[in-house]
Asks: 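Have a look at the structure that comes next, please.
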Amino acid sequence: MIDLQPVKGTRDFFPEDMRLRNWLFEIWRRTSVQAGFEEYDTCVLEHENLYIRKAGDEISKQLFSFEDKSGRRLALRPEMTPSLARLILQHNKSLSLPIKWFSIPQCFRYERMTKGRRREHFQWNADIIGQPDILAEAEILLLLISACESLGLTKKEFNIFISDRRIVNAILNQINVPNDLHSKVMVILDKRDKISSEALLDMLENLGMSEKQVGMLNDYLSNTDLKDLEKNLNDTTGVEQLNRLIDIMDAAGKSAYLKFDISIVRGLSYYTGAVFEVNSPDKKHRAICGGGRYDSLLSAFGGETVPAVGFGFGDVVALDVLRDLGRLPELPRKLDYTIIPFASEQVGIALKIAADLRMQGYVVDCNFSMKKMKKNIRHANESGAEKAILLFPEELTEDKVVIRDMILHEQKPVKITELISIAE
RNA sequence: GCGGGCGUAGCUCAGCUGGUAGAGCGCUGGAUUGUGAUUCCAGUGGUCGAGGGUUCAAGUCCCUUCGCUCGCCCCA
């Protein structure tokens with residue numbers, strides 16, 4: 001006997017699960033398309049070196065990677081952004097920027113599993129490439145908000161916690177932490193909510209910061225007021241940009257979702273500007289979505305600098321949150337018609353009627369089980385059919401079939417030739 | 001990486017201090033052969049996660065291993 005379990009950390013989608021997944025994907029897709037984003041995709045397999053980065057990103061350590069038969073180092077993508085960067089670089093000359101693209105890639109990471117975290121998930125990604133202005137952030141955030149609203153979430157249930165890495169950069173500069181340490185400090189700061197403050201101190205000092213610097217950093221970070229920060233910083237670029245973003249969002253009527261939170265830095269080293277996470281207002285859950293500006297990713301891959309903003313939104317956490325809130329939709333199977341013959345001679349006519357109705361755009365199934373009436377009607381009911389077409393020998397001699405309305409419990413004989421026009 | 005809990009029918013689980021497996025739900029068939037509910041009857045169901053050990057005898061005790069789950073550590 002083969003092992004019937006799916007590979008550790010991966011999921012099977014039975015039709016019932018698939019309906020839910022499609023429901024979610026359709027919301028993501030519709031929201032994206034409505035906001036003028038175009039869909040793209042790449043292969044789940046990439047060269048491993050696409051993900052090898054210097055700054056100690058955890059994601060590089062958790063690759064699902066292997067060697068192919070010719071010795072190439074390959075990896076299943078752990079995230080979509082590097083692949084997107086690869087596409088942009090590849091067609092750099094022929095793309096007219098800015099562009100707005102989205103994708104719903106399946107991503108993999110090899111790691112120990114905990115709640116809400118598997119080795120495989122789907123992650124809606126939306127990005128704006130080539131727009132240096134903070135308008136790109138605004139547009140991305142508005143897309144995100146409309147998706148959350150379409151999922152049925154309200155202000156009480158989600159906020160966007162936002163900061164700007166340039167604020168932390170300004171702080172680090174002010175306390176004389178060298179530039180080349182900044183992204184490593186960010187990776188550590190990203191853990192602020194998840195590990196003890198002692199462990200955090202240790203990690204920062206191991207990186208080369210003095211005890212005094214760590215203390216000063218902590219003082220700055222404990223300040224949660226944007227205006228105070230602005231007064232205390234020499235370089236106020238980050239604060240100004242963030243204020244402008246909040247103003248724009250305010251004008252768009254959606255600033256109520258935004259919460260400044262200096263502890264948001266994100267764990268990926270390629271972020272350069274605004275960074276944000278979506279979470280419940282009390283930050284109870286794992287963030288369901290995270291993103292930001294990554295103007296240096298493309299240049300890190302050897303191209304020229306291209307400004308970019310985007311986010312990733314995972315299906316596992318999204319559905320967990322909706323499940324906890326009791327907001328998962330009921331998605332029963334649906335059929336417009338089910339056609340029930342009672343003898344093998346009627347199979348041909350059943351298929352003919354089915355084909356005609358399908359040509360009209362209806363969802364039609366046939367029940368060839370040749371069981372008793374009772375079983376068939378019950379089965380029709382369970383399959384979600386609105387109408388059943390019963391092929392009785394007696395009516396068929398007059399070229400008629402019986403249409404039963406499964407909802408009204410009413411039925412009547414109808415000429416086969418009239419069936420299509422009645423169906424309309 | 002370290003602990004705790006769990007793994008018995010398709011699903012949810014019961015099975016006391018060792019004596020060769022049970023319920024509910026589901027599924028299949030039937031209760032005037034052309035009609036959805038409820039009810040009733042019957043049937044289908046399991047090498048007790050896997051491997052080894054102790055014993056006359058193991059679902060039950062011991063060891064190993066795999067999987068799920070919850071903490072901690074680690075980390076998106």
Side-chain angles (χ1 to χ4, degrees), chain A residues 1-12 14 16 51 53 55-63 78-79 81 107-121 123 186-196 198-200 202-203 263-271 275 277-279 283 285-292 311-314 316-317 320 335 338 340-343 346 367 369-397 400-413:
Chain A
M1 189 68 167
I2 56 161
D3 192 348
L4 300 179
Q5 292 305 118
V7 171
K8 186 180 172 75
T10 69
R11 301 166 288 172
D12 293 324
F14 279 71
E16 193 187 337
Y51 307 109
R53 290 191 282 266
D57 289 17
E58 297 304 329
I59 212 161
S60 318
K61 298 173 193 158
Q62 297 172 334
L63 286 177
E79 54 159 341
T81 311
C107 299
F108 296 81
R109 71 175 94 211
Y110 193 83
E111 64 167 353
R112 289 167 37 70
M113 293 159 50
T114 56
K115 188 170 179 60
R117 171 167 271 230
R118 332 218 83 233
R119 288 185 172 177
E120 157 272 322
H121 71 151
Q123 191 188 55
M186 303 278 188
V187 172
I188 295 173
L189 285 181
D190 181 52
K191 304 175 170 80
R192 221 159 74 117
D193 282 348
K194 301 153 206 153
I195 63 177
S196 67
E198 295 81 31
L200 193 80
D202 279 354
M203 293 172 86
S263 72
I264 304 291
V265 290
R266 305 291 301 151
L268 295 165
S269 59
Y270 51 63
Y271 288 114
V275 280
E277 290 179 2
V278 174
N279 209 327
K283 279 198 181 179
H285 297 94
R286 183 180 296 284
I288 60 177
C289 169
F311 64 79
F313 192 139
V316 177
V317 198
D320 275 353
L335 290 172
T338 190
I340 307 173
F342 292 97
Q346 299 162 357
N367 182 346
S369 67
M370 306 299 173
K371 285 181 189 156
K372 292 188 172 185
M373 183 84 264
K374 185 170 189 158
K375 300 279 177 198
N376 286 337
I377 294 283
R378 185 185 302 169
H379 184 262
N381 192 41
E382 285 163 2
S383 68
E386 280 186 33
K387 292 191 173 72
I389 297 178
L390 310 171
L391 307 188
F392 294 121
E394 197 175 311
E395 278 82 357
L396 274 177
T397 59
K400 285 181 176 174
V401 296
V402 172
I403 298 185
R404 178 172 181 81
D405 188 309
M406 297 300 292
I407 296 156
L408 301 174
H409 296 238
E410 286 169 1
Q411 65 187 42
K412 59 183 174 186

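Naming: A, B, ... by sequence-line order, numbering from 1 per chain. Nothing here was measured: the structure is a model prediction, and the numbers come from that model.
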Asks: Side chains of A/L396 and A/V401: closer than 4.5 Å at any heavy-atom pair?
Replies: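 Yes - at least one pair of side-chain heavy atoms lies under 4.5 Å apart.
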Asks: Select one nucleotide: of B/G67, B/A76, B/G34, the one nearest the side-chain heavy atoms of A/V402.
Replies: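 Nearest listed nucleotide: B/G34.
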Asks: Side chain of A/K371: nearest nucleotide among B/U28, B/A76, B/G34?
Replies: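 Comparing B/U28, B/A76, B/G34 against the side chain of A/K371, the answer is B/U28.
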Asks: Could you check if a side-chain atom of A/I340 sits within less than 4.5 angstrom of a side-chain atom of A/H379, using non-hydrogen atoms only?
Replies: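 Side-chain contact under 4.5 Å: no.
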Asks: Roughly, in whole Å, what's the span from CE in A/M373 to P in B/U33?
Replies: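 From A/M373 CE to B/U33 P: 12 Å.
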Asks: Between B/U35 atom C1' and A/L391 atom CG, what is the distance in whole Å?
Replies: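 So the CG-C1' distance, A/L391 to B/U35, works out to 14 Å.
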Asks: If the test is side chain to side chain contact (heavy atoms under 4.5 Å, CB included), which one of A/I403, A/N376, A/I377 qualifies with A/L390?
Replies: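 Only one of A/I403, A/N376, A/I377 forms a side chain to side chain contact (heavy atoms under 4.5 Å, CB included) with A/L390, namely A/I377.
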Asks: Any Lys/Arg nitrogen of A/R109 or A/E79 sitting under 4.0 Å from an Asp/Glu carboxylate oxygen of the other?
Replies: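 No, A/R109 and A/E79 are not salt-bridged.
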Asks: Using atom P of each nucleotide, how far apart are B/G7 and B/A50 to the nearest Å?
Replies: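 After rounding to an integer number of Å, I get 13 Å for this pair.
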Asks: What does B/G43 pair with, Watson-Crick or G-U, if both distances are under 3.5 Å?
Replies: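 Across all strands, the one nucleotide that pairs with B/G43 is B/C27.
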Asks: Does the side-chain ring of A/F392 lie flat on the base of B/G34, meaning centres under 5.5 Å and planes less than 30 degrees apart?
Replies: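 Ring-base stacking flag set for A/F392 and B/G34.
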Asks: What is the distance from CG of A/L390 to P of B/U35, rounded to the nearest Å?
Replies: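 Value for this atom pair: 11 Å.
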Asks: Give a yes/no verdict on a cation-pi contact between A/R119 and A/F108, requiring under 6.0 Å between NZ or CZ and the six-membered ring centre and an angle within 45° of the axis.
Replies: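 Ring-cation test returns no.
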Asks: Both A/N279 and A/K8 contact RNA chain B. Which one's nearest nucleotide lies toward the 5' end?
Replies: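 It is A/K8, whose closest nucleotide lies nearer the 5' terminus.
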Asks: Decide yes or no for A/M373 and A/F342: does some side-chain heavy atom of the first lie under 4.5 Å from some side-chain heavy atom of the second?
Replies: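 SC-SC contact between A/M373 and A/F342 confirmed.
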Asks: In the 5'-to-3' direction, what one-character label does each nucleotide of nucleotides 36-45 of chain B receive under the scheme B = base within less than 4.0 Å of a protein heavy atom, S = sugar-phosphate only, - = no such atom?
Replies: BS--------
Asks: Distance between the P atoms of B/G59 and B/C16, in whole angstroms?
Replies: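 Looking at atom P only, B/G59 and B/C16 are 12 Å apart.
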Asks: Has A/K372 got a side-chain N or O lying under 4.0 Å from the OP1 or OP2 atom of B/G30?
Replies: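 Checking A/K372 against B/G30: at least one side-chain N or O falls below 4.0 Å of OP1 or OP2.
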Asks: Mind calculating the distance between CZ (A/R118) and C1' (B/G67) to the nearest angstrom?
Replies: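 Rounded to whole Å, this separation is 12 Å.
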Asks: Taking pairing as Watson-Crick or G-U wobble with both contacts under 3.5 Å, can you name the mate of B/G36, or confirm there isn't one?
Replies: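 Pairing partner: none.
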Asks: Measure from CZ on A/F14 to C1' on B/C11 and round the result to the nearest Å.
Replies: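 For the pair A/F14 CZ and B/C11 C1', the rounded distance is 12 Å.
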Asks: Could a donor-acceptor pair under 3.5 angstrom be found where the side chain of A/R109 meets the base of B/A76?
Replies: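 Donor-acceptor pair under 3.5 Å: no.
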Asks: With the side chain counted from C-beta on, respond yes when A/I288 and A/F313 share a heavy-atom pair under 4.5 Å apart, and no when they do not.
Replies: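 Heavy-atom side-chain distance check passes, below 4.5 Å.
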Asks: Among B/A76, B/G34, B/U35, which nucleotide sits nearest the side chain of A/E394?
Replies: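 That would be B/G34.
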